[in-house]
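Proteins come first, then strands; the chains are lettered A, B, ... in the order of their sequence lines, and each starts at number 1. Quantities reported herein were computed from a predicted structural model and do not represent experimental measurements.
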Amino acid sequence: MSLVRVIGRTTLIGRIVEVEAYGGQNDPASHAYRGITPRNRPMFGEPGHAYIYFTYGNHYCLNVTTRRAGVAGAVLIRAIEPVKGLNVMKRFRPGVPEGQLSNGPGKLTKALAIDRSLNEADLTRSGPLYIGRARSRQLPFTIRRSPRIGITLGIERLWRFYVESNQYVSRAASGNRRTYR
DNA sequence: TCGAAGATTCTA
DNA sequence: AGAATCTTCGAA
């Protein structure tokens, strides 16, 4: 799947190569673990919408809500492989080598100029930010899974999924594999 | 109201 | 390995 960012006449596209799943009160690593708060409210909303939060005083992270309204669930987009608009992404990430443009959740939001203004945006339809099927046919690839990164609880769950050997995955790890086409 | 922790990134 | 940086939320 592709993440598409439209800014005026400019369209930026990235192939999603790494994600993590987050649940609700059954998932101690989730923002929604202790119930609804002002920040995590989008996680309890309609599926297919953006949940964007600000963290560590510097970075925005983008999630897609996944469960029906009233049930918390989201997928964190952790990395994308730039497909279109590379030059613009570089402008948003001055001085950064190409391979590190979008290989992390905070990096990709900066490369695509994503911030709180897009919180709760509908990602299922054309707009400033949405997710679509890849335009061109993909070669077969292998998805691996591993524990989620940067959390202290819930590490026993293999809820991180990433494209094997892709340069833009934030970091490698071992896990089971399954091939998709 | 206060303070500790945080789904990170960058530098040394 | 440690700093930067500031919002968020639970506890008091």
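OP1 or OP2 of B/dC10 has at least one side-chain nitrogen or oxygen of A/Lys107 nearer than 4.0 Å. Distances shorter than 4.0 Å separate none of the side-chain N or O atoms of A/His59 from OP1 or OP2 on B/dT9.
Summary of the strand contacts: A/Ala74 and A/Arg93 both lie near DNA chain B, and taking for each the nucleotide with the nearest heavy atom, the more 5' one is attributed to A/Ala74.
When hydrophobic residues (I, L, V, M, F, W, Y) are linked wherever their side-chain heavy atoms come within less than 4.5 Å, A/Val71 remains an isolated member. Members clustered with A/Val83: A/Val4, A/Val6, A/Ile13, A/Tyr130, by chain and number, using a 4.5 Å side-chain heavy-atom cutoff among hydrophobic residues.
Annotated stems with DNA chain B as a participant read B:1-6 with C:6-11, B:8-11 with C:1-4, given as range with range, by first number; only runs of 3 or more Watson-Crick or G-U pairs under 3.5 Å qualify.
Per the geometry, CZ belonging to A/Arg148 stands 14 Å off P belonging to B/dG6, to the nearest Å. Rounded to whole Å, atom P of B/dT9 lies 13 Å from atom CG of A/Leu101. As a whole-Å value, the separation of A/Leu108 CG from B/dA7 C1' is 13 Å. Going from atom CZ of A/Arg160 over to atom C1' of B/dT8 covers 14 Å, rounded to whole Å. We find that OH of A/Tyr22 is positioned 4 Å from C1' of B/dA7, with the value rounded to whole Å. Per the geometry, CZ belonging to A/Arg78 stands 5 Å off P belonging to B/dT8, to the nearest Å. To the nearest angstrom, C1' of B/dA5 lies 12 Å from CG of A/Leu153.
Ring pair A/Tyr60/A/Phe54 is tilted by interplanar angle, where 30° to 60° counts as tilted.
Legend: salt bridge (Lys or Arg N to Asp or Glu O under 4.0 Å) pairs involving residues 82-91 of chain A, not counting sequence neighbours, sorted by first then second residue: A/Lys90-A/Glu98.
No side-chain heavy atom of A/Arg145 sits less than 4.5 Å from a side-chain heavy atom of A/Arg160. A/Ile77 is not listed as a side-chain neighbour of A/Pro105, based on a closest heavy-atom distance of 4.5 Å or more.
To the nearest 0.5 Å, the span separating CD1 on A/Ile80 from CD1 on A/Ile16 amounts to 8.0 Å.
Annotation: side-chain contact (heavy atoms from CB on, under 4.5 Å) contacts of A/Phe92 (sequence neighbours excluded): A/Ile7, A/Leu12, A/Val88, A/Ala113.
A/Leu76 comes within 4.0 angstrom of a nucleotide base, judged by non-hydrogen atoms across all strands.
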(Q) What does the B/S/- profile of nucleotides 5-12 of chain C look like, 5' to 3', with a 4.0 Å heavy-atom cutoff to protein? (A) BBSSSS--
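The closest donor-acceptor contact from the side chain of A/Asn119 to the backbone of A/Tyr53 lies at 3.5 Å or more, if one exists at all.
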